[in-house]
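In what follows, a single structure is set out as structure tokens and then discussed.
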There are 2 protein chains.
Amino acid sequence: MKLSRQFPLNALRVFEAVARHLSFTKAGEELGLTQTAVSYQVKLLEETLKETLFLRQPRKILLTEAGARLAPKVTEGFDILASALNEMQGVAEGTLIIHSTHTFASHWLARHLGIFQLDNPTIAVRLETSQAVIDFSKTEADLAIRVGTGEWPGLKSHFVMRNHFTPMLSPRLADTIGGVRDPLDLLKLKIIDPSDPWWRLWFTAAGYPDAPLESASRSRLGSQAVEAAAAIAGHGVAILRPDFYQDDVAMGRLIQPFDLTCEDGSHYWLVYPEARRQTAKVRAFRAFLQKTLPSFDKGPDSGIM
Amino acid sequence: MKLSRQFPLNALRVFEAVARHLSFTKAGEELGLTQTAVSYQVKLLEETLKETLFLRQPRKILLTEAGARLAPKVTEGFDILASALNEMQGVAEGTLIIHSTHTFASHWLARHLGIFQLDNPTIAVRLETSQAVIDFSKTEADLAIRVGTGEWPGLKSHFVMRNHFTPMLSPRLADTIGGVRDPLDLLKLKIIDPSDPWWRLWFTAAGYPDAPLESASRSRLGSQAVEAAAAIAGHGVAILRPDFYQDDVAMGRLIQPFDLTCEDGSHYWLVYPEARRQTAKVRAFRAFLQKTLPSFDKGPDSGIM
DNA sequence: TTTCATGCATCAGCCCTCTTGATCCATCGA
DNA sequence: TCGATGGATCAAGAGGGCTGATGCATGAAA
């Protein structure tokens, strides 16, 4: 007997319940079926096996020898299946896989995940980072932090924080030109990745739409973290998300010469597949962001700039 | 997770196959499904569990952590179910439960079953006897020997032997009246159960339709075996199936004074539910009767009288 | 004994699950 | 660049399985 497609697995499940209750009606109640349906399924199974499994006596049924031999093993088999599912779900519930960009991971998550772990000691966190926009069907992340407009088909998204930027540089470098007071002062220094459109946006916002930015086609360094490192080393002025470099400012490794920040319409979002919205671990992470970030889920047009 | 009605068991079976092959297409081939159907079932299971089980990569799929944890247990569970079914069928195949009347069991089966057991050493035989016409849905007999016309709805029947009868008595009793030569001589003796219609049939066949049989309403002794015992003890003349008492005749305990036998239209039949026609043990028993009884399956109107 | 309650079998009809076939898409290898 | 491979998606259709009504047999209660 192979459990091939033909085999009525559901009938086996019904049999298992009937064997436990020794009653078609009761089994039906357990399974949410009518007695009629139970009768049908049992008959179907008996016909498939060519074995009578129950003796129908008036007002009660008995297991035949064959049925009595079959029942305990079937119960065991279904128990194993059920526990496999439970266990899998339990373990899955217990591990939260977060995908994020390097930048967000190192500058925000790394700093705040401790709180989450304190609040949710039973949930292990695995952090996966890459610059790519991940496809939930191709990696097994439970949720991701993405930059974008918040519109992704099939995914639920919650606003996390604005994605704004402003020039930042090392105080030593600023000193070489006697300090930075006017946006144009920046042009005296080396601009790290001047082809980044953020520079044009920022200078425009600062009132200098025509600032002469070298259009040397040197590509971006790849990630903001690398650019920041270059800036800290005094190699030039980078345009960075100030939120992420508060520590460096505090430690005197970077300064933010102007309060003016800019944005390009894309922001940080928490996203996950619609289907998994209700899982406990995702809910826990959402609650954590809610608690930690005042701007969470409020949309890009509210909250502090 | 309860394996309630809602749970797509079939999808779980499909998942199991996919996890083994790591291919939707291959799994489909094993199960006799199209790749489309497999895809649907896997998706259904994933939605039910709210867990991605496979990572769909181009030209290949991988199990996710959750899937990898689930697969072996699911395989184990299905293996247990499959072996339970196999085992049950094996054991069931190995035990033949025969239902029969006391008479046929003690006078024919008991004498010949040895041959069947020699021919089929792997089949254990269990004999259940009662006078009642059994209902296959209420007892777990595989087959039965019944007396009747051979017409039972839902049951397959094979003719076994004619059901004929003739007066029999102990030789000592015959001697008390100087021997039995004419049917009317029997009337000098006590007739065991004269209300049995067989007596009237036999006397009519013998040419004495008006033989004065006491119509005392004493009920039948219940079974032919009891009546035969009474006859052997010399308590009177019984009307019996001569086939069944050859031994008693040979041992001088009974005599059959007349060759004339009669019948009432009912005969011995082998019957079993249509659905079980092809099981090995039933086939073996049919073959045994075929070999042992010249009249088997030839119908009541052929063969020796 | 009659009547009621229980429990399973049967039947016809319908819904919805599941399957199929066609098509599309992405990737890998030549 | 093209063909082969393997999965996803879609619309359509068939058939399996469920339901509610009904029947039947029995045991319990009146």
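Side chains are part of it too, since the values below use all heavy atoms of this structure and drop only hydrogens, waters and symmetry mates. Naming: A, B, ... by sequence-line order, numbering from 1 per chain.
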To the nearest angstrom, how far is Q57(B) atom CD from dT5(D) atom C1'? 15 Å

L62(B) atom CG is separated from dG7(D) atom C1', nearest whole Å, by 13 Å

Rounded to 10°, tell me the angle between the two end axes of the helix from dT1(C)-dA30(D) to dA30(C)-dT1(D), each built from five pairs. 30°

F285(A): ring pair (Phe, Tyr, Trp, His ring centres under 6.0 Å) partners, not counting sequence neighbours: F116(A), F288(A)

Quick one: side chain to side chain contact (heavy atoms under 4.5 Å, CB included) partners of T25(B), sequence neighbours excluded? S23(B), E29(B), Q35(B)

Length of the line joining I61(B):CD1 and dT5(D):P, which is rounded to integer Å: 17 Å

Rounded to whole Å, please give me the gap between CG in L9(A) and P in dC18(C). 12 Å

Can you sort out the partners of L127(A) under side chain to side chain contact (heavy atoms under 4.5 Å, CB included), two or more places apart, ordered by chain and number? I98(A), A105(A), L109(A), L113(A), T129(A)

With a cut-off of less than 4.0 Å, is there a side-chain N or O of T25(B) near OP1 or OP2 of dG7(D)? yes

L53(A) CG to dC8(C) P, in whole Å, measures 15 Å

Ring centroids only, cut at 6.0 angstrom: are F159(A) and Y268(A) within range, meaning strictly under it? no

Whole-Å distance, L63(A) CG to dC8(C) P, equals 13 Å

So, is R56(B) near the phosphate of dA8(D), with a side-chain N or O under 4.0 Å from OP1 or OP2? yes

With sequence neighbours left out, write down each residue that passes side-chain hydrogen bond (donor to acceptor under 3.5 Å, both in side chains) with E16(A), or none if nothing qualifies. R20(A), T75(A)

Which residues pass the side chain to side chain contact (heavy atoms under 4.5 Å, CB included) test with S266(A), not counting sequence neighbours? V147(A), N163(A), D264(A)

Numerically ordered, the residues 34-45 of chain A set in heavy-atom contact under 4.0 Å with DNA chain C is Q35(A), T36(A), S39(A), K43(A)

State which residues pass side-chain hydrogen bond (donor to acceptor under 3.5 Å, both in side chains) with E46(B); sequence neighbours excluded, sorted by chain then number. R56(B)

Just to verify, what does A68(A) make a side chain to side chain contact (heavy atoms under 4.5 Å, CB included) with, not counting sequence neighbours? L63(A)

Atom CG of L55(B) to atom P of dG7(D): distance rounded to whole Å? 13 Å

Main chain of T52(A), side chain of T64(A): is a donor-acceptor contact present, judged purely on distance under 3.5 Å? yes

Distance check needed: dG17(D) P versus R13(A) CZ, whole Å only. 11 Å

